[in-house]
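Read through the structure below, which is laid out as structure tokens, and then see the notes.
If you're wondering where the values come from, they're calculated on a predicted model, not measured in any experiment. We count ligands from 1, going down the list as the structure has it; atoms in each ligand are counted the same way.
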Amino acid sequence: MGRGWNLGSGSAKAGEPQAAGVGRDTEEQDLRMVACEWSPEAERSGVRREALSGGLYREQQEGLWGSVEAGARMEVRAGTEGGDRDMEGRGNAEGALETTGRLVRGSEGSCGADARCDRPRPPGAAALMLLLPATMFHLLLVVRSGPARLLGPPPYLPGLQVLWSPRMLLLWLTWLGLQAALYLLPARKVAEGQELKDKSRLLYPINGFQALMLTALLVGLAVLAGLPLGALPEMLLPLAFAATFTTFIFSLFLYLKALVAPASALAPGGNSGNPIYDFFLGRELNPRVWSFDFKYFCELRPGLIGWVLINLAMLMQEAELRGSPSLAMWLVNGFQLLYVGDALWHEEAVLTTMDITHDGFGFMLAFGDLAWVPFTYSLQAQFLLHHPQPLGLPVASVICLINAVGYYIFRGANSQKNTFRKNPSDPRVADLETIPTATGRQLLVSGWWGMVRHPNYLGDLIMALAWSLPCGVSHLLPYFYLLYFTALLVHREARDEQQCLQKYGLAWHEYCRRVPYRILPYIY
Ligand SMILES: NC(=O)C1=CN([C@@H]2O[C@H](COP(=O)(O)OP(=O)(O)OC[C@H]3O[C@@H](n4cnc5c(N)ncnc54)[C@H](OP(=O)(O)O)[C@@H]3O)[C@@H](O)[C@H]2O)C=CC1
Ligand SMILES: CC(C)=CCC[C@@H](C)[C@H]1CC=C2C3=C(CC[C@@]21C)[C@@]1(C)CC[C@H](O)C(C)(C)[C@@H]1CC3
């Protein structure tokens, strides 16, 4: 059976999902909506779905396709990985779309969304395991070199004697130990995570901001007592090596731990049976020892707080070398401290991100959290220490304005969604327009989420630009974060789109039709 859409007569509106810019993959995903569970909420949301005998189903969605003419007919023939489906839709007297479908060949794919081609295959996973650390060391070496060329060769290849230092390993482990101890301190609040496969919810301490404050206090006291924080820039290479080394060991532990974990604890992806692939993506969704949640801890504590600490060390070292920190260094430190402080202040919101609710915890995320974030996200501050940039007040003011706009969009969008997800009748979001979905959850279609489908990514990207601008325009290197982050968010957006299509089916198509742009209005 051929793949793709075959539209029958009177089907102009039936093609709308395509017109909304949704590609072939998403059409195929749409057909998986039959896997959604039936719920009383679904009944209330205006979507009716009935399982008929012999692999047939019938779905009716009111209001969403109001423009489908009564009696207009569409036919859909499309393939899924597990088998092909025939679907047929008809506008009913009220202008709602009724679809019926039949599984023609095979069964619903057992691999789940993550086994689709958006994730690396085993050779890709192996290559990334080498490429990511290599890129990080390349950046750390190049940033301190005279030409600081992002695409040029590193000034030298460090031997093991430069990279490996038992003292730095000890320092790194002390850092992890300190953050773990702060994590275990009594929390002002304990939050519930999203519902898991077995219908249970995990509990998470909300004390990240407290950990940031206590770390600042401890570091401040240590500096007063003579700790040479300004020496940190010279230690970055062996420290990054220690972080990478421990990440490999830690990921091995996570992989082995997952071998004895119950099936209900496993992530949707990362369980292909190929050890390299599973080691890379992570098999277990929320690996824990007692109540200590490794993924949640790593996502927000050692890496993010380490990042601002490295930035601070650059600022202190610059003050030591040049008498006072430059305006550019102040801006980079201030902007990124705001970002990290914001993440820890709104710590609970991380519980609804894909990383926590969907992705396994393996090498990729562990390396990202523990090594990539602190050592590459601090690249702009590192660059400014080695390549001072003059910055006048007028330009600095414009850059501050760009960061403020980015932050306003980022925070506004994230808070609006989080408030809405917690309590849709909260007065701050109650007036927003929504689309009902078969799962009982609704989708916002006005406010920030009516502007583009990922307004929070847009705000984040504008901030990323503001972090690079203080470094001037003479080098590409400080723009590495912006380039990498754009690629990361474009890929993440595509992945989220697939998952939302799977979850929300027709309602997601309608959302895409009403809000056609993904991240950048009128462009993308
Ligand atoms: N600095 C960095 O390195 C990184 C930063 N980030 C930032 O992290 C933040 C979180 O990102 P991420 O987890 O990727 O995704 P989002 O916070 O954008 O969450 C996506 C989810 O939001 C829900 N959603 C989507 N559209 C709507 C809508 N219209 N109405 C209501 N709910 C909707 C869906 O989940 P559901 O319906 O199930 O609630 C969807 O799966 C972002 O601000 C991002 O910029 C992300 C990655 C890296
Ligand atoms: C190249 C590589 C190793 C990729 C791994 C990706 C990770 C670095 C990122 C995946 C999602 C992240 C998030 C944040 C940091 C980067 C990683 C771990 C985040 C904690 C930054 C602060 C934000 O406010 C946030 C809490 C929303 C965000 C969550 C996602």
Side-chain angles (χ1 to χ4, degrees), residues 128-129 131-133 135-136 194-195 208 247 280 295-296 298-301 303-304 307 336 338-359 361-377 406-407 409-422 424 429 432-435 437 439-464 467 481 484-485 487-489 491-504 507-508 510-512 514-515 518-519:
L128 279 173
M129 261 187 292
L131 203 66
L132 288 171
T135 305
M136 183 180 77
Q194 301 282 96
E195 194 175 272
T247 299
F280 181 74
K295 185 162 59 165
Y296 176 67
C298 291
E299 182 96 349
L300 284 174
R301 315 295 180 95
L304 281 190
W307 168 19
Q336 298 184 350
L338 171 72
Y339 189 70
V340 169
D342 173 273
L344 293 165
W345 184 259
H346 297 98
E347 188 179 18
E348 200 173 333
V350 87
L351 298 178
T352 59
T353 59
M354 258 191 270
D355 312 62
I356 302 289
T357 60
H358 186 270
D359 297 345
F361 193 38
F363 178 82
M364 188 181 74
L365 207 46
F367 177 78
D369 289 339
L370 298 175
W372 184 263
V373 166
F375 296 102
T376 68
Y377 283 28
Y407 180 71
I409 301 176
F410 167 83
R411 180 54 25 232
N414 277 328
S415 292
Q416 197 166 68
K417 177 165 69 75
N418 294 335
T419 308
F420 181 72
R421 280 283 171 254
K422 259 195 199 160
V429 291
L432 295 174
E433 224 182 309
T434 58
I435 297 179
T437 78
T439 65
R441 281 157 92 87
Q442 297 179 319
L443 290 169
L444 287 168
V445 74
S446 67
W448 288 115
W449 297 82
M451 184 173 81
V452 282
R453 299 205 294 273
H454 270 288
N456 48 354
Y457 289 4
L458 175 63
D460 224 337
L461 285 168
I462 295 175
M463 283 192 284
W467 301 352
Y481 177 74
Y484 136 83
F485 197 44
L488 180 89
L489 291 185
H491 178 259
R492 211 171 155 90
E493 190 277 335
R495 215 150 66 82
D496 189 49
E497 193 96 350
Q498 269 188 14
Q499 284 168 23
C500 286
L501 253 171
Q502 203 177 0
K503 251 189 293 185
Y504 300 128
W508 189 258
E510 173 61 5
Y511 181 47
C512 294
R514 301 224 354 220
V515 184
R518 296 159 191 256
I519 299 178

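Contact atoms of ligand 1 toward Tyr339: 1 (N), 2 (C), 5 (C) (distance under 4.0 Å to a heavy atom of the residue). The ligand atoms of ligand 1 that sit less than 4.0 angstrom from a heavy atom of Lys503 are 35 (O), 36 (P), 37 (O), 38 (O), 41 (O). Ligand 1 places these atoms under 4.0 Å from at least one heavy atom of Thr353: 10 (C), 13 (O). Each of the atoms 13 (O), 14 (O) of ligand 1 lies under 4.0 Å from some heavy atom of Met354. Those atoms of ligand 1 that come under 4.0 Å of a heavy atom in Asn414, given as number and element, are 43 (O). Near Arg441, meaning under 4.0 Å from one of its heavy atoms, ligand 1 places the atoms 36 (P), 37 (O), 38 (O), 39 (O).
Given atom 48 (C) of ligand 1, the protein heavy atom at minimum distance is Leu488 CD2, 3.5 Å. When only non-hydrogen protein atoms are considered, atom 1 (C) of ligand 2 lies nearest to Leu132 CD2, 3.6 Å. In terms of protein heavy atoms, atom 30 (C) of ligand 2 is closest to Glu299 OE2, 3.4 Å. Scanning the protein for heavy atoms near atom 8 (O) of ligand 1, the closest one is Asp460 OD2, 4.6 Å. Nearest to atom 6 (C) of ligand 2 among the protein's heavy atoms is Leu488 CD1, 4.2 Å. For atom 25 (C) of ligand 1, the nearest non-hydrogen atom of the protein is Trp449 CZ3, 4.0 Å. Nearest to atom 15 (C) of ligand 2 among the protein's heavy atoms is Val373 CG2, 4.3 Å. If you check which protein heavy atom lies closest to atom 42 (C) of ligand 1, you get Asn456 ND2, 3.5 Å. The single protein non-hydrogen atom nearest to atom 34 (C) of ligand 1 is Cys500 SG, 3.9 Å, given as residue, atom name and distance. Tyr377 OH, 2.6 Å is the protein heavy atom nearest to atom 3 (O) of ligand 1. Of the protein's non-hydrogen atoms, Asp355 OD2, 3.0 Å is the one closest to atom 11 (C) of ligand 2. Closest to atom 41 (O) of ligand 1 among all protein heavy atoms lies Asp496 OD1, 2.6 Å. Closest protein heavy atom to atom 24 (O) of ligand 2: Ala343 CB, 3.4 Å. Counting protein heavy atoms only, atom 46 (C) of ligand 1 is closest to Arg492 NE, 3.6 Å.
The option with the heavy atom closest to atom 31 (C) of ligand 1, from among Arg421, His454, Gln498, His358, is Arg421. Here the shortest heavy-atom distance to atom 29 (N) of ligand 1, taken over Thr352, Leu444, Val452, Asp359, belongs to Leu444. Considering Met463, Glu299, Lys417, Arg453 only, the shortest heavy-atom separation from atom 33 (C) of ligand 1 involves Lys417. Among Phe410, Tyr504, Trp508, Phe420, the residue whose heavy atom lies nearest to atom 37 (O) of ligand 1 is Tyr504. Of the listed residues (Tyr511, Tyr481, Phe485, Tyr457), the one carrying the non-hydrogen atom nearest atom 12 (P) of ligand 1 is Tyr457.
The residue Gln499 has no part lying near ligand 1, judged by heavy-atom distances below 4.0 Å. Contact annotation for Phe410 and ligand 2: only side-chain heavy atoms (C-beta onward) come within less than 4.0 Å of the ligand. Contacts with ligand 2 closer than 4.0 Å are made by no heavy atom of Glu347, backbone or side chain. Neither the backbone nor the side chain of Asp342 comes within contact range of ligand 2; no heavy atom lies under 4.0 Å.
A salt bridge does not link Asp359 to Arg492: none of the charged nitrogens lies less than 4.0 Å from a carboxylate oxygen.
In terms of modelled atom types and a separation under 3.5 Å, the side chain of Arg453 and the main chain of Val515 share a donor-acceptor contact. Of the possible polar contacts, none joining the Gln442 side chain to the Thr434 backbone as a donor-acceptor pair under 3.5 Å is found.
No donor-acceptor contact under 3.5 angstrom links the side chains of His346 and Asn418, judged on distance only. Residues Arg411 and Ser415 bring a donor and an acceptor atom of their side chains to less than 3.5 Å of each other.
The nearest pair of heavy atoms linking Ala464 to Tyr481 is CB-CE2, 3.5 Å. Considering all non-hydrogen atoms of both residues, Leu458 and Met451 come closest at CD2-CE, 3.9 Å. Taking each heavy atom of Glu433 and Ser446 in turn, the nearest pair found is N-OG, 2.8 Å.
To the nearest 0.5 Å, atom CG of residue Leu489 and atom CG of residue Asp496 are 11.0 Å apart.
Note: Tyr407 and Phe410 have tilted aromatic rings, judged against thresholds of 30 and 60 degrees for the angle between ring planes.
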Start with the C-alpha gap between Trp467 and Phe485, add the side-chain angles, then the distance that decides, and say whether ring pair (Phe, Tyr, Trp, His ring centres under 6.0 Å) holds. CA-CA 12 Å; Trp467 301 352; Phe485 197 44; 7.7 Å; no
Set out, in order, the CA-CA distance, both residues' side-chain angles and the distance that settles side chain to side chain contact (heavy atoms under 4.5 Å, CB included) for Asp355 and Glu299, then state yes or no. CA-CA 9 Å; Asp355 312 62; Glu299 182 96 349; 3.5 Å; yes
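Taking the six-membered ring where the residue is Trp, the centroids of Tyr511 and Tyr504 are separated by 6.0 Å or more.
Inside a 4.0 Å radius of atom 22 (C) of ligand 2 there is at least one protein heavy atom. Counting protein heavy atoms under 4.0 angstrom from atom 9 (C) of ligand 2 gives zero. There is a protein heavy atom closer than 4.0 angstrom to atom 3 (C) of ligand 2. Taking a distance limit of 4.0 Å, we find that atom 18 (C) of ligand 2 is approached by some protein heavy atom.
Considering only residues two or more places apart in sequence or on other chains, Val429 meets the side chain to side chain contact (heavy atoms under 4.5 Å, CB included) condition with Gln416, Thr419, Phe420, Asp426, Leu432.
Contact between His346 and ligand 2 is absent, with no heavy atom of the residue lying under 4.0 Å from the ligand.
The shortest side-chain heavy-atom distance between Trp508 and Glu497 falls under the 4.5 Å cut-off.
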